[in-house]
Student: 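Before anything else, here's the structure in question.
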Amino acid sequence: MSSVFSVFWTLLLPLLVGSIPISQELFPTDCSDIYDNGQNLSGMYTIYPTADTPVQVYCDMGCGESQTKDGKWTVFQRRMDGSVNFYRPWGHYKKGFGNKYGEYWIGLENLYQLTHKRKYELKVDLQDFEGVSVYAQYTSFSVESEADGYKLHISGFINGGAGDSMATNNGQKFSTFDKDQDLHPSNCAKRFLGGFWYSDCHSSNPNGIYLWGRDETHYAIGNVWYHWKGYDYGLKYIAMKIRPVSVAQ
């Protein structure tokens with residue numbers, strides 16, 4: 001019976017999506033909708049960047065496990081222990097990968113679906129192995145479609161101690177080792193062992209190799225944030241997260 005119901009719902013949902021407004025309670029677009037629906041503890045939730053595509057994410061609500069000063073953030077990237085390999089091909093970065101309870105990437109297509117519907121801001125939380133935490137915040141963040149290379153638009157930097165290491169990423173298409181869309185003559189993703197909105201090449205490499213602190217063996221290949229720790233310090237923790245501008249405190 002359950003399989004019959006599943007088939008029925010799969011066939012019915014697209015018709016409902018096309019004919020009536022979608023409830024933000026039943027199909028929350030992002031973590032701000034979940035918070036507004038009364039769920040205010042940080043943790044794992046399901047969102048719907050499109051009504052028929054459920055995606056599990058970590059929501060930083062500003063309380064519970066996460067102790068940030070504000071909340072309603074949808075975390076789309078997180079590094080914390082080196083347990084997930086981020087040196088991956090285009091298809092993985094498009095769809096998403098990793099463990100939503102730990103390290104993961106939400107997927108470029110999901111980012112596009114989210115940010116072309118609402119205006120978002122970005123916050124990047126960073127922590128070193130000495131326990132010091134800083135952040136970089138941007139008042140505007142959006143990603144274009146795959147046809148446009150998932151080009152990044154970012155502006156309105158607010159310094160939370162990290163410095164602006166994403167200034168050169170603005171206007172850049174996303175690159176991986178098998179899809180080179182950066183401005184450098186070589187492939188930045190191959191050269192620095194990650195996947196990101198590289199320019200020529202980077203001042204930040206959140207998806208680089210997890211280095212476990214300072215490592216001068218190879219130049220700038222780690223999960224680094226240049227304007228805080230330089231090119232040879234791999235950070236303990238990085239989380240990139242977005243929320244609609246309208247919910248900013």
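Note that the structure is a prediction, hence the values are computed from the model and not measured. Excluded from the calculations below are hydrogen atoms, water molecules and symmetry mates; all remaining heavy atoms, backbone and side chain alike, are included. This chain uses plain numbering: 1 for the first residue, then up along the sequence.
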Student: Taking the six-membered ring of Tyr135, is NZ or CZ of Lys123 closer than 6.0 Å to its centre and within 45° of its axis?
Tutor: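 Yes, Lys123 lies over the aromatic ring of Tyr135.
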Student: If you define the side chain from C-beta out and look only at heavy atoms, does anything of Tyr101 sit under 4.5 Å from Met44?
Tutor: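 Counting from C-beta outward, Tyr101 and Met44 do come under 4.5 Å.
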Student: If we check side chain to side chain donor-acceptor pair (under 3.5 Å) with Tyr198, which of these qualifies: Asn169, Asn205, Asn187, Asp182?
Tutor: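 Only match with Tyr198 under side chain to side chain donor-acceptor pair (under 3.5 Å): Asn205.
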Student: Would Lys72 and Asp33 pass as an ion pair if we require N to O under 4.0 Å?
Tutor: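 The answer is no: the pair does not qualify as a salt bridge.
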Student: Under a 3.5 Å distance rule, please check whether His116 uses its side chain to pair with a backbone N or O of Gln113 as donor and acceptor.
Tutor: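 Side chain of His116 to backbone of Gln113, a donor-acceptor pair under 3.5 Å: yes, one is there.
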Student: Could you check whether any side-chain heavy atom of Glu109 comes within less than 4.5 Å of a side-chain heavy atom of Tyr93, counting everything from C-beta outward?
Tutor: no
Student: Check Pro206 against Ser204 and note the closest heavy-atom contact, atom names and distance.
Tutor: CD-C, 3.5 Å
Student: Would you say Thr29 and Leu114 make side-chain contact, with heavy atoms under 4.5 Å?
Tutor: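 When only atoms from C-beta onward are counted, Leu114 and Thr29 do touch, with a gap below 4.5 Å.
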Student: Are any side-chain N or O atoms of Glu103 and backbone N or O atoms of Val84, one a donor and one an acceptor, separated by less than 3.5 Å?
Tutor: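 Answer holds: yes.
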Student: Report the relative orientation of the aromatic rings in Tyr87 and Phe177; use parallel for angles under 30°, tilted for 30 to 60°, perpendicular for over 60°.
Tutor: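 If you compare the ring of Tyr87 with that of Phe177, the planes turn out tilted.
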Student: Any sub-3.5 Å donor-acceptor pair from Ser165's side-chain atoms to His227's backbone N or O?
Tutor: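 Yes, because the side chain of Ser165 sits within donor-acceptor range (under 3.5 Å) of the backbone of His227.
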Student: Evaluate the side-chain proximity of Trp228 to Val134: yes if any heavy-atom separation is below 4.5 Å, no if none is.
Tutor: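 Yes, side chains in contact.
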Student: Return the minimal non-hydrogen interatomic distance between Lys229 and Leu235, and the atom names on each side.
Tutor: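 Result for this residue pair: CG-CD2, 4.0 Å.
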Student: Check Lys241 with Asp125, please: is the shortest side-chain N to carboxylate O separation under 4.0 Å?
Tutor: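 Yes.
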Student: Considering only NZ, NE, NH1 and NH2 on the basic side and carboxylate oxygens on the acidic side, decide whether Arg243 and Asp30 come within less than 4.0 Å.
Tutor: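 Salt bridge: no.
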Student: Check this for me, if you would: do Glu146 and Lys94 make a salt bridge, where the nitrogen-to-carboxylate-oxygen distance has to be below 4.0 angstrom?
Tutor: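 Result for this pair is yes, salt bridge flagged.
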Student: Using side-chain heavy atoms (C-beta onward) and a distance below 4.5 Å, is Met240 in contact with Met166?
Tutor: yes
Student: Quick one: are Thr176 and Pro89 in side-chain contact, heavy atoms under 4.5 Å?
Tutor: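 When only atoms from C-beta onward are counted, Pro89 and Thr176 do not touch, as no gap falls below 4.5 Å.
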Student: Using the rule that two of Ile, Leu, Val, Met, Phe, Trp, Tyr join whenever any of their side-chain heavy atoms come within less than 4.5 Å, decide whether Phe129 and Val132 are in one cluster.
Tutor: yes
Student: Atom NZ of residue position Lys117 - does it have more than 12 heavy atoms of other residues, nucleotides or ligands inside 6.0 Å?
Tutor: yes
Student: Main chain of Gln137, side chain of Glu121: is a donor-acceptor contact present, judged purely on distance under 3.5 Å?
Tutor: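 Judged by distance alone, no pair lies under 3.5 Å.
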Student: Does the pair Thr139 and Ile158 meet the rule for a side chain to side chain contact (heavy atoms under 4.5 Å, CB included), with working shown?
Tutor: CA-CA 8 Å; Thr139 60; Ile158 299 171; 3.8 Å; yes
Student: Rounded to the nearest 0.5 Å, what's the gap from OG1 on Thr217 to CZ on Arg214? Could you check?
Tutor: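 Answer rounded to 0.5 Å: 12.5 Å.
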Student: Would you check if the side chain of Asp148 reaches a backbone N or O of Lys151 as a donor-acceptor pair within less than 3.5 Å?
Tutor: no
Student: Rounded to the nearest 0.5 Å, what's the gap from OG1 on Thr53 to CG on Asn110? Could you check?
Tutor: 7.5 Å
Student: What's the shortest heavy-atom distance between Trp225 and Ala136, and which atoms?
Tutor: CZ2-CB, 3.7 Å
Student: Please determine whether side-chain hydrogen bond (donor to acceptor under 3.5 Å, both in side chains) holds for the pair Tyr138 and Asp164, giving the CA-CA distance in whole Å, both sets of side-chain angles, and the decisive distance to 0.1 Å.
Tutor: CA-CA 9 Å; Tyr138 301 84; Asp164 186 4; 2.6 Å; yes
Student: Please report the C-alpha distance between Val124 and Ile238 in whole Å, then the side-chain angles of each, then the deciding distance to 0.1 Å, and finally whether the side chain to side chain contact (heavy atoms under 4.5 Å, CB included) criterion is met.
Tutor: CA-CA 7 Å; Val124 185; Ile238 304 176; 4.2 Å; yes
Student: Are Phe97 and Phe86 close enough that their ring centres sit under 6.0 Å apart?
Tutor: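 Phe97 vs Phe86: aromatic centres under 6.0 Å.
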Student: So which atom in Cys188 and which in His184 form the shortest heavy-atom distance, rounded to 0.1 Å?
Tutor: SG-CB, 3.6 Å
Student: Can you confirm whether or not the ring centre of Trp105 sits under 6.0 Å from the ring centre of Phe174?
Tutor: yes
Student: Any chance you could lay out the side chain to side chain contact (heavy atoms under 4.5 Å, CB included) test for Ile106 and Leu111, step after step, and finish with the verdict?
Tutor: CA-CA 7 Å; Ile106 196 176; Leu111 278 178; 3.9 Å; yes
Student: Does atom CD (Glu216) have a neighbourhood of more than 12 heavy atoms from anything else shown, all under 6.0 Å?
Tutor: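 Open: at most 12 neighbouring heavy atoms sit under 6.0 Å from CD of Glu216.
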Student: How about Trp212 and Tyr210: are their ring centroids closer than 6.0 Å?
Tutor: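 Here the rings of Tyr210 and Trp212 have centres that are less than 6.0 Å from each other.
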Student: Any heavy-atom pair between the side chains of Gln56 and Thr46 that's under 4.5 Å?
Tutor: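 Heavy-atom side-chain distance check passes, below 4.5 Å.
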Student: When the ring centroid of Phe192 is compared with that of His202, is the distance short of 6.0 Å?
Tutor: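 Yes, the ring of Phe192 comes within the 6.0 Å limit of the ring of His202, centre to centre.
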Student: To the closest 0.5 Å, what do you measure between NE2 (His153) and CD (Gln172)?
Tutor: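 Here the interatomic distance stands at 10.5 Å.
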Student: Between Tyr120 and Phe141, is the gap from one ring center to the other below 6.0 Å?
Tutor: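 When the ring centroids of Tyr120 and Phe141 are compared, they turn out to be at least 6.0 Å apart.
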Student: Any side-chain heavy-atom pair from Ser140 and Ser142 closer than 4.5 angstrom?
Tutor: no
Student: May I have the step-by-step check of side chain to side chain contact (heavy atoms under 4.5 Å, CB included) for Thr115 and Ile242, ending in yes or no?
Tutor: CA-CA 9 Å; Thr115 62; Ile242 57 174; 4.2 Å; yes
Student: Would you give the length of the straight line joining atom SG of Cys59 to atom CG of Asn40, rounded to the nearest 0.5 angstrom?
Tutor: 11.5 Å
Student: Do you know which of Ile34, Val75, Ile47 makes side chain to side chain contact (heavy atoms under 4.5 Å, CB included) with Val57?
Tutor: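 Of all the options given, the one that passes is Ile47.
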Student: Distance from Leu193 atom CG to Ile209 atom CD1, nearest 0.5 Å?
Tutor: 5.0 Å
Student: Does the ring center of Phe27 lie less than 6.0 Å from the ring center of Tyr48?
Tutor: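 So the answer is yes for these two rings.
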Student: Minimum heavy-atom separation for Pro244 and Arg118, please, with both atom names.
Tutor: CG-NH1, 3.9 Å
Student: So which atom in Tyr112 and which in Val143 form the shortest heavy-atom distance, rounded to 0.1 Å?
Tutor: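 What the structure gives for the nearest pair is CD1-O, 3.3 Å.
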Student: Verify whether the ring centers belonging to Trp90 and Tyr150 lie closer than 6.0 Å.
Tutor: yes
Student: Distance-only, no hydrogens or angles: does the Ser175 side chain make a donor-acceptor pair with backbone N or O of Asp180 under 3.5 Å?
Tutor: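 No, the answer is negative, given that no donor and acceptor are paired below the 3.5 Å cut-off.
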Student: Distance check, rounded to the nearest 0.5 Å: Cys201 atom SG versus Arg191 atom CZ?
Tutor: 5.5 Å
